[in-house]
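A short write-up of the structure that comes next.
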Amino acid sequence: MRIDTPVQKLKGVGPKVSEQLAVRGIFTIADLLRFYPSGYDYFEDPASIAESAVGAPCTLCLTIVGSGTTFRRGARSISHFEASDGTGKVRLTYFNMPYLRQTLQPGASFIFRGMLRQTGNGNKYMDQPWFMDKSGYSRVRGTLQPRYPLVRGVGPARMRGFLANALEAAAGMRDILPAEQREKYGLIGKYEALSLIHFPTDRESLLNARRRLIFDEFFAFIIGIRRQKNEDGERINRHPMKTDGTWCQRLLKSLPFELTDEQAGAWEEIKSDLSGKTLMNRLLQGDVGSGKTILAFLALILCAENGRQGALMAPTEVLARQHMEGLTAYLKESGLALKPVLLTGAVKGRARKEALSRIADGTADIVIGTHALFQEAVDYHCLGLVVTDEQHRFGVRQRTGLIDKGEDVPVLVMSATPIPRTLAIILYGELQVSSLRKLPPGRMPIKSLALHESQRGRAYRFILSEIKKGRQCYVICPAVEEGEGQEMENVAEYSAKLRAVLPDTIRIDSLTGRMKPDEKTAVMDAFASGSTDILVSTTVIEVGINVPNATVILVENAERFGLSQLHQLRGRVGRGKEQSFCIFLYTGKEKPDRLEILEQNTNGFDIAEKDLKARGPGDLFGVRQSGLPQFGLADLYEDSDLLRQASECSDRMLREDPDFSCPEERRVDYSTI
Ligand code: ADP
Ligand code: MG
């Protein structure tokens, strides 16, 4: 079966299931195979309570002592069980599972797995530990079992069944990398990698699978970019802009600040691109808060003054709206009578019609939006510039879609994941790069601290003290809801827990990527306006949100995020005049290296150049799948070696086969990596 076959063709996948899979972006067999586990459970030998570390996942063989108790509160219930193993006692708590009392009966023994925690008085407990009877456990003992992000109606066993079917269907798929390239880079086959990432036999095979899949993510990204360039050929700037106008001057004069030297330098480079002979293709990179936006606005205004339309594409609704509001305020302040238009998925009905007609007849000088900007129905009068913000968040197809709207359009891409120049060239080829290495003056560096999760109380006290001063706080959890992994904090339960432990006066709200656009907007608005104190969220807030009054960000399960992602998350704070703080809470026995790096460095360029020396198995179990959509497993900073190799390999393959005119199967494989 071809891997672009719809998932419905798989045994057991009916209309209901495929609807739920679609929510996760899974439409084809290839998509399903790329639905990598969010982590793995290693079924280790059970240990005794006495020898198990508090604050780390552990496996215990426990006997239930006495009969459990259940409290009901409305539709909710909490059940407690006391259990022991002769070396100590542990209290087990389950939420909304009153029926467990029939199984966890006095005297019964089971293997329990979960996070071992301890109260202030030294009583050990586990919340929602997973359990299995002894004979069942002996069958999985010593194996690695994948855990998947939650898909409604599809339990773990069923998911594994689907994946086994998908692998069977994909058997015989072609490998995009010829054998000699695989050998050169010590990579296993693609099919083998996909099999092992879902059904690992041991840690080493899992590492090999990850290496191959990360390699492919970079490979596909680079090939996509290079192909795009080849199709363009030599690009000539057919509409060089005049840069002696006055609009940008007016805007600059009305700003409450002066451009930094680096900003001024980058602005000169952008102007010289836009007025030059070759079409602009420039990357503007700088840490969050380095002041990239103003340069985008200047470029858009220059474009408008030259009688052409400029488009700014942001990766999220919220960010697009923030840009729209920011630009509108600047225009008002400077008295420039420009007419920007907002176009996102949330702009509907008449407003949408009007936006589209103004884009088509040219009365919209500047268009700001999400990827809605490149949809079929959008017709530009004379598109003259495309700026993409946080461009790495878009797929290659989304980016080129907008460029296709106009012939030969100059492009400015902005990125807050600063990468060393050598990596930038690898990723983007001959793209020109402007870097903002320093933040505007007067900014205080964010203070960062990595704490073991057993010190969560300390973190909460600190947050409360900031809220008392009138500040706000972000809390980031790796999972959305219960069931995505027992050892990960999830937004739904976490918000409830926070409400229970913090005073009633603290206003807590939550945000996940799965909410509808208008719901997200409402939650963000409430936070931005200061009517929420704590915003609990997944990484959806990773990108560009600007709430200067937020001075603390607490990242739960920090060990589960990649270095570049943690750095991005930290950039949510430190945007105002007050000192800001970042707290990374980690579980497990040791502090991960990357947290150490983040504690000691605040500059993204510095961080990007740091090498992660030890890569403990911790990395394996915190496989991230919430990072940059372009990369499911890869982290730009941590996997830079593989990036170099993928680049070398793709360049060589393109030299031999410039159009990448591979057989059909290879093409399919490439486009769906
Ligand atoms: P990013 O690079 O993350 O997109 P922004 O463009 O949002 O950063 O800038 C962050 C903040 O810094 C904004 O509030 C902006 O007004 C401010 N800013 C930008 N340039 C300067 C400057 N030269 N001096 C002082 N503040 C600046
Ligand atoms: Mg920005």
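One is the number of the first residue; the rest follow in order along the sequence. Counting starts at 1 for both ligands and their atoms, following the listed order.
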Using a 4.0 Å heavy-atom cut-off, say whether Arg443 meets ligand 1 through its side chain, its backbone, both or neither. side chain
Return yes if a side-chain donor-acceptor contact under 3.5 Å exists between Thr344 and Glu317, otherwise no. yes
Does any N or O atom in Ile294 lie less than 3.5 angstrom from one in ligand 1, N or O only? no
If you count the non-hydrogen atoms of other residues, nucleotides and ligands that lie under 6.0 Å from NZ in Lys591, is the total more than 12? yes
Applying a 4.0 Å heavy-atom criterion (strictly less than), which segment of Asp389 is in contact with ligand 1: side chain, backbone, both, or neither? neither
Between Asn306 and His239, is any side-chain donor less than 3.5 angstrom from a side-chain acceptor? no
Ser448 and side chain to side chain donor-acceptor pair (under 3.5 Å): which single residue from Arg570, Gln600, His567 fits? Arg570
May I ask you to identify, for Tyr330, whether its side chain, its backbone, both or neither come under 4.0 Å of ligand 1 on a heavy-atom basis? side chain
Parallel, tilted or perpendicular: which one describes the rings of Tyr460 and Tyr494, with boundaries at 30° and 60°? perpendicular
Trace of the side-chain contact (heavy atoms from CB on, under 4.5 Å) decision for Thr532 with Ile508: CA-CA 6 Å; Thr532 310; Ile508 301 164; 5.9 Å; no
Ring-face cation contact, Phe605 with Arg437, 6.0 Å cut, 45° max: yes
Which residue supplies the protein heavy atom nearest to atom 5 (P) of ligand 1, what is that atom called, and how far is it? Thr293 OG1, 3.4 Å
Where is the nearest protein heavy atom to atom 22 (C) of ligand 1: which residue, which atom, and how far? Phe257 CD1, 3.2 Å
Ligand 1 versus Leu436, non-hydrogen atoms closer than 4.0 Å: side chain, backbone, both, neither? neither
protein heavy-atom neighbour closest to atom 9 (O) of ligand 1 works out as Gly291 CA, 3.6 Å
Option whose closest heavy atom lies nearest to atom 2 (O) of ligand 1, chosen from Lys292, Met414, Gln263: Lys292
Provide the number and element of each atom of ligand 1 under 4.0 Å from a heavy atom of Glu258. 22 (C), 23 (N), 24 (N)
More than 12 heavy atoms of other groups within 6.0 Å of Lys469 NZ: yes
Only one of Glu578, Arg471, Glu466 passes side chain to side chain donor-acceptor pair (under 3.5 Å) with Thr551; say which it is. Glu466
Can you tell me if Ser290 has a non-hydrogen atom under 4.0 Å from ligand 1? yes
Closer than 4.0 Å to some heavy atom of Arg575 - which atoms of ligand 1 meet that? 3 (O)
Do you see a protein non-hydrogen atom under 4.0 Å from atom 13 (C) of ligand 1? no
Under 4.0 Å from any heavy atom of Asp287, which atoms of ligand 1 are there? 2 (O)
Less than 3.5 Å between some nitrogen or oxygen of Gly289 and one of ligand 1, yes or no? yes
Under 4.0 Å from one or more heavy atoms of Val288, ligand 1 contributes atoms 3 (O)
List every atom of ligand 1 that sits less than 4.0 Å from any heavy atom of Thr260, numbering the atoms from 1 in the order shown and giving each element. 23 (N)
Reported CD1-to-CE distance for the pair Ile366 and Met324, which is rounded to 0.5 angstrom: 9.0 Å
Gln472 and Asp533: side-chain donor and acceptor closer than 3.5 Å? no
